[in-house]
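Inspection log for the structure reproduced underneath, given as structure tokens.
Residue indices begin at 1 and follow the sequence shown.
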Amino acid sequence: MTPAEELTADELTAEAERLQADRFDPRQLDELWDLDDPAASERRFESLLGTGDLPPIARAELQTQLARALGLQGRYDDALKILDAVLESIGNAEPGADVEETQPAGASASRPSATPRAPVVVIRVALERGRVLNSSGRPADSVELFTRALQAARAAGEDFLAIDAAHMLAIADRTRAEHWTNEALRMVTTSTDPRTRRWAGSLHNNAGWARHDAGDDAAALAEFEAAQSAYEVNGTAEQVRVARWAVARALRSLARFDEALAIQQQLAEQGPADGYVQEELAELCLATGRPDEAREHAAAAVELLGSDSWFTEYESGRWERLRRIARPD
């Protein structure tokens with residue numbers, strides 16, 4: 001019998017509450033993140049980790065987010081090293097293992113651990129390792145990790161992280177994207193937590209792109225409009241802006257050029273300068289017979305997107321097309 005099994009129900013409850021209290025405040029974690037500037041997020045995480053006064057579970061959670069920030073910068077090996085260290089500190093627990101059992105540090109003599117094996121840490125390690133694998137061109141390898149994270153989060157009652165895992169499965173497991181998105185949306189609609197309900201916008205956005213890629217432009221528009229509505233309730237101004245851009249993109253695919261143009265022009269006027277908005281304005285001007293204006297917008301897009309290594313590498317077709325429009329000779 002393990003020490004955890006010898007604990008009474010009241011003692012187990014008290015231990016679970018202690019582990020919960022030692023977590024990093026999720027709302028504060030949200031405030032530390034800037035997904036558009038992972039380098040700045042990295043610096044904030046490093047600064048907090050350097051203070052040395054964080055509880056072990058909070059420290060481990062923060063380390064997984066540091067790994068995510070590194071992964072977003074393409075520093076995949078560095079990210080995996082951090083996640084390996086976190087996993088070692090909790091006794092090399094497999095993602096999805098022991099999530100229903102709350103153990104104090106040192107509960108297993110065969111697995112000495114510097115960090116209590118809190119379910120949230122195991123889940124976050126699986127999620128972030130999966131994200132690194134997916135981003136580095138190994139989506140098939142990431143599916144098992146996201147699946148384990150989803151199972152573990154459900155067992156631990158971590159709704160927010162369960163939705164995150166399902167959302168990542170919709171990205172990595174393309175053949176079942178609709179299934180995973182619907183599963184995530186089901187969890188969102190049954191949640192009463194405002195932070196968890198914020199997932200609705202992202203999920204509808206992902207569903208919109210899946211439908212757009214499949215050529216179902218009308219369904220894509222409906223999803224993008226749902227994303228915009230969700231972000232207007234529970235999102236940031238930037239999220240609403242991106243959602244409006246996606247609505248206009250779907251309108252262009254439906255040949256509703258005037259409506260799309262009105263939205264993109266408004267986004268351009270409101271600022272900030274955005275290469276993706278300029279790209280759409282170039283395409284819309286071409287579609288409506290204004291090649292000179294298209295050339296100007298394409299040139300602006302090339303200037304703004306030229307420093308975006310992700311766009312030039314992974315959207316090379318769009319990048320070369322913009323360059324051709326900007327310099328037709």
Side-chain angles (χ1 to χ4, degrees), residues 24-36 41 65 68 72 120 123-124 126-128 130-131 134-135 142-143 146-147 149-214 216-251 253-254 260 263 267 270 276:
F24 204 96
D25 185 342
R27 292 165 298 183
Q28 186 181 359
L29 204 57
D30 292 343
E31 292 172 0
L32 291 170
W33 260 114
D34 182 352
L35 292 171
D36 293 325
S41 300
Q65 300 309 286
R68 183 180 183 184
L72 286 171
V120 67
I123 296 163
R124 285 195 184 278
L127 269 172
E128 302 313 333
R131 270 193 260 265
N134 183 66
S135 297
S142 72
V143 169
F146 292 139
T147 301
L150 174 58
Q151 294 168 346
R154 279 174 167 162
E158 294 283 350
D159 291 347
F160 186 91
L161 296 178
I163 294 167
D164 194 355
H167 142 263
M168 290 307 304
L169 279 165
I171 294 171
D173 187 7
R174 290 288 186 179
T175 60
R176 302 185 67 201
E178 186 171 355
H179 164 79
W180 293 120
T181 297
N182 289 339
E183 180 64 16
L185 284 168
R186 184 192 64 77
M187 289 187 279
V188 168
T189 57
T190 58
S191 175
T192 58
D193 174 36
R195 181 171 177 266
T196 299
R197 291 184 68 86
R198 289 209 319 258
W199 270 111
S202 178
L203 294 167
H204 282 298
N205 177 71
N206 290 352
W209 286 115
R211 285 158 173 74
H212 190 269
D213 292 345
D216 191 348
D217 299 325
L221 176 60
E223 292 289 354
F224 290 144
E225 288 174 335
Q228 181 179 337
S229 296
Y231 282 136
E232 286 172 346
V233 175
N234 287 311
T236 65
E238 178 60 19
Q239 287 172 323
V240 173
R241 174 183 168 82
V242 172
R244 293 181 65 208
W245 183 94
V247 167
R249 178 63 186 87
L251 288 169
S253 294
L254 290 165
I263 294 172
L267 292 175
Q270 292 172 343
Y276 295 97

Is it true that Asp164 and Arg131 have a side-chain N and a carboxylate O under 4.0 angstrom from each other? yes
Which distance, rounded to the nearest 0.5 Å, do you find between the NE2 of His167 and the CZ of Phe146? 9.0 Å
Side-chain donor/acceptor pairs under 3.5 Å, residues 217-227, sequence neighbours excluded:
{"residue": "Glu223", "atom": "OE1", "partner": "His204", "partner atom": "ND1", "Å": "2.7"}

Any luck finding a side-chain donor-acceptor pair between Arg249 and Ser253 under 3.5 Å? yes
Is there a side-chain contact between Asp159 and Met187 (heavy atoms, below 4.5 Å)? no
Ala246 to Trp209 - nearest heavy-atom pair and separation: CB-CZ2, 4.3 Å
Check: Glu238 and Leu35 side chains under 4.5 Å, non-hydrogen atoms: no
In terms of side-chain geometry, is the basic nitrogen of Asp193 or Arg195 positioned less than 4.0 Å from the acidic oxygen of its partner? no
Is Asn205 reaching over with its side chain to a backbone N or O of Gly201, donor-acceptor style, under 3.5 angstrom? no
Taking every non-hydrogen atom, the tightest pair across Ser41 and Leu32: OG-O, 3.8 Å
Backbone N or O of Ala184 within a donor-acceptor pair of the Trp199 side chain at under 3.5 Å? no
Does Arg197 reach the main-chain N or O of Ser191 with its side chain, forming a donor-acceptor pair under 3.5 Å? yes
Test your reading of the model: is there a side-chain donor-acceptor pair from Arg241 to the backbone of Leu267, 3.5 Å cut-off? yes
For the side chain of Thr190 and the backbone of Arg186, is there at least one donor-acceptor N/O pair under 3.5 Å apart? yes
How about Met168 and Ile171: do any of their side-chain heavy atoms sit closer than 4.5 Å? yes
